[in-house]
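Proteins get letters first, then strands, A, B, ... in listed order; numbering begins at 1 in each. FYI, side chains are in, hydrogens and waters are out, and symmetry mates aren't considered; it's all heavy atoms of this structure.
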Amino acid sequence: MSISAILFWVLSIAALFSALMVVTSRNPIYSVIWLIVTFFTISGHYILLNAQFLAVVNIIVYAGAIMVLFLFVIMLMNLNKESEPARHRWLQLAGTASGGALMLVLVAALKDTELKSQQSLLLEGHIGLIKTLGQELFSTYVVPFELSSVLFLSAMIGAVLIGKKD
Amino acid sequence: MVIGAVTLWFILEKVILIASIIGLSFFIAMYTTLAERKVAGWMQDRHGPNRAGPFGIFQPLADGGKLFFKEEITPIASNWFLFLLGPALAMIVALVTSTVIPWGAPVITATGTIPLQVADVDMGILIVFSVVSIGVYGIMIGGWASNNKFSLLAAIRAASQMVSYELPMSLALIAVLFMTGSLKMSEIVSYQMANGWNIVFQPLGFLIFFICALAECNRTPFDLPEAENELNFGYHQEYSSMKLGFYLFAEYINMFVSSAVMATLFLGGYDIPFVNEASWGLAPWLYSLISFGVLMAKVSFLLFVFIWIRWTIPRFRYDQLMNLGWRKLIPLALFNMILSAAILLWLKS
């Protein structure tokens with residue numbers, strides 16, 4: 001087994017385990033911390049695919065900024081195990097059933113696709129490097145890129161307007 | 001023995017490099033604590049610590065020994081795992097940042113070149129930023145797990161301060177990247193060797209970056225998270241013994257690493273100013289040693305400025321801190337970015 005295959009399995013198991021812990025932890029703070037671990041394992045997968053920029057940005061934006069806000073909210077509202085509302089048994093059952101149904105649909109949909117023949121090349125290619133990515137973004141995909149940046153700007157201004165006292 | 005493309009010699013080389021950089025970080029941080037007290041003494045017209053050894057050079061050892069022998073107290077109502085995770089994260093994050101910094105010119109041996117840098121990755125400086133953005137968790141988790149209102153308030157202050165000052169910091173960085181055209185730390189240094197230091201072309205950018213570095217390290221005048229007259233002692237109030245030591249020590253390592261980052265980005269890294277060192281014809285290992293010494297001299301100077309500011313400027317109020325970050329530094333950094341972009345475009349066309 002090559003070193004990247006070992007890394008792949010370790011990262012995959014870690015990602016699945018930490019994602020499961022996010023859902024099953026009773027304490028919201030633990031959930032957030034496990035979610036941060038999940039983001040790190042996913043960044044590890046990006047690095048295996050040589051998508052370095054994506055890996056680093058995933059950590060800066062998701063693990064570094066968005067999860068800090070999550071932690072902020074949970075700490076300020078002082079959510080903990082005791083304040084977690086008790087769920088009905090049938091609600092848990094419904095959740096399991098609908099989650100299982102979604103997984104069934106996903107597996108059925110992806111089973112026969114051509115994904116298997118398009119497996120990514122590990123540790124090869126320069127698509128994920130910042131130079132290639134920048135050139136692609138500002139030439140081929142310049143219109144959607146600029147449009148999405150305008151969308152972000154309007155969302156930001158909207159948030160400021162809502163947050164402002166009148 | 002070969003594992004993939006990685007030879008055993010390569011692993012050994014990196015392990016030695018990592019171990020010596022961690023050792024260096026600890027050593028410098030130790031003596032920065034002494035330098036801080038000596039400079040404070042000098043500025044306040046007193047001697048500073050001078051009892052442990054000649055000129056007090058064993059003072060950091062005495063301080064460390066004291067922290068080790070203190071009783072370790074974990075508050076009953078705290079969450080013991082997160083209480084432990086907080087200082088551990090703070091320390092790990094402080095040490096990880098130094099991986100991408102080039103510490104000196106590469107050593108050329110008969111078998112090949114050995115770069116004095118743990119990882120010269122394509123992302124370079126972005127790695128530093130990602131680690132800095134993770135640095136908030138050490139403080140936040142520790143402050144929350146203490147189950148103390150003062151600690152929690154201080155942790156939230158620290159987190160909002162660090163998140164706010166990351167923005168102007170990265171905006172100031174973008175202007176530098178316009179010029180160097182690469183995120184690789186080694187290429188940023190070689191660009192400055194060929195074209196002159198970035199501080200000459202980006203004085204405003206350097207000023208903004210320096211102010212933000214002060215805020216990111218929680219140094220005075222931005223040490224709101226440990227404002228002792230408002231919050232008793234800040235986010236590490238419930239900590240004692242070596243856990244407290246980790247928090248305090250991580251702050252000094254952060255100072256050291258951020259000085260090294262600033263020296264690399266703006267002060268030419270390991271470049272020796274005003275001379276063409278390639279024409280000297282020195283032995284490669286000697287040249288590497290001298291370049292490492294030059295980088296250390298720049299870092300020491302920046303550390304001195306850090307300490308100098310601490311004993312000169314009083315602490316800001318919290319609203320002043322936020323005002324400075326969002327209303328002054330961000331517009332200024334945006335202006336700097338647009339101006340540099342315009343000038344570069346004009347020069348190139």
Heavy-atom pairs under 4.5 Å with chain A: which of B:I127, B:V136, B:V163, B:I156 has the most?
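Top option by heavy-atom pairs under 4.5 Å: B:I156.
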Against chain A, work out which of B:G143, B:G181, B:S130 has the most heavy-atom pairs shorter than 4.5 Å and name it.
B:S130
Would you please indicate yes or no on a ring centroid separation below 6.0 angstrom for B:F246 and B:Y239?
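No.
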Fit a plane to each ring of A:F39 and A:Y62, take the angle between them on a 0 to 90° scale, and name the class: parallel (under 30°), tilted (30 to 60°) or perpendicular (over 60°).
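Answer is tilted, since the angle falls between 30° and 60°.
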Under 4.5 Å from any heavy atom of chain A - which part of B:S160
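For B:S160, the contact with chain A is made by backbone and side chain together.
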Is B:L152 in contact with chain A via its backbone, its side chain, both, or neither, using a 4.5 Å heavy-atom distance?
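For B:L152, the contact with chain A is made by the side chain alone.
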By the definition side-chain contact (heavy atoms from CB on, under 4.5 Å), identify the one residue from B:L183, B:I208, B:I125 that meets it with B:L173.
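So the option named by the test is B:I125.
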B:S182-B:E187 side chain donor-acceptor pair, cut-off 3.5 Å:
yes
Less than 4.5 Å apart, any side-chain heavy atom of B:Y191 and any of B:M179?
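Yes; the side chains approach each other to less than 4.5 Å.
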Under 4.5 Å heavy-atom distance to chain B, tell me which part of A:I36 shows up: side chain, backbone, both or neither.
side chain
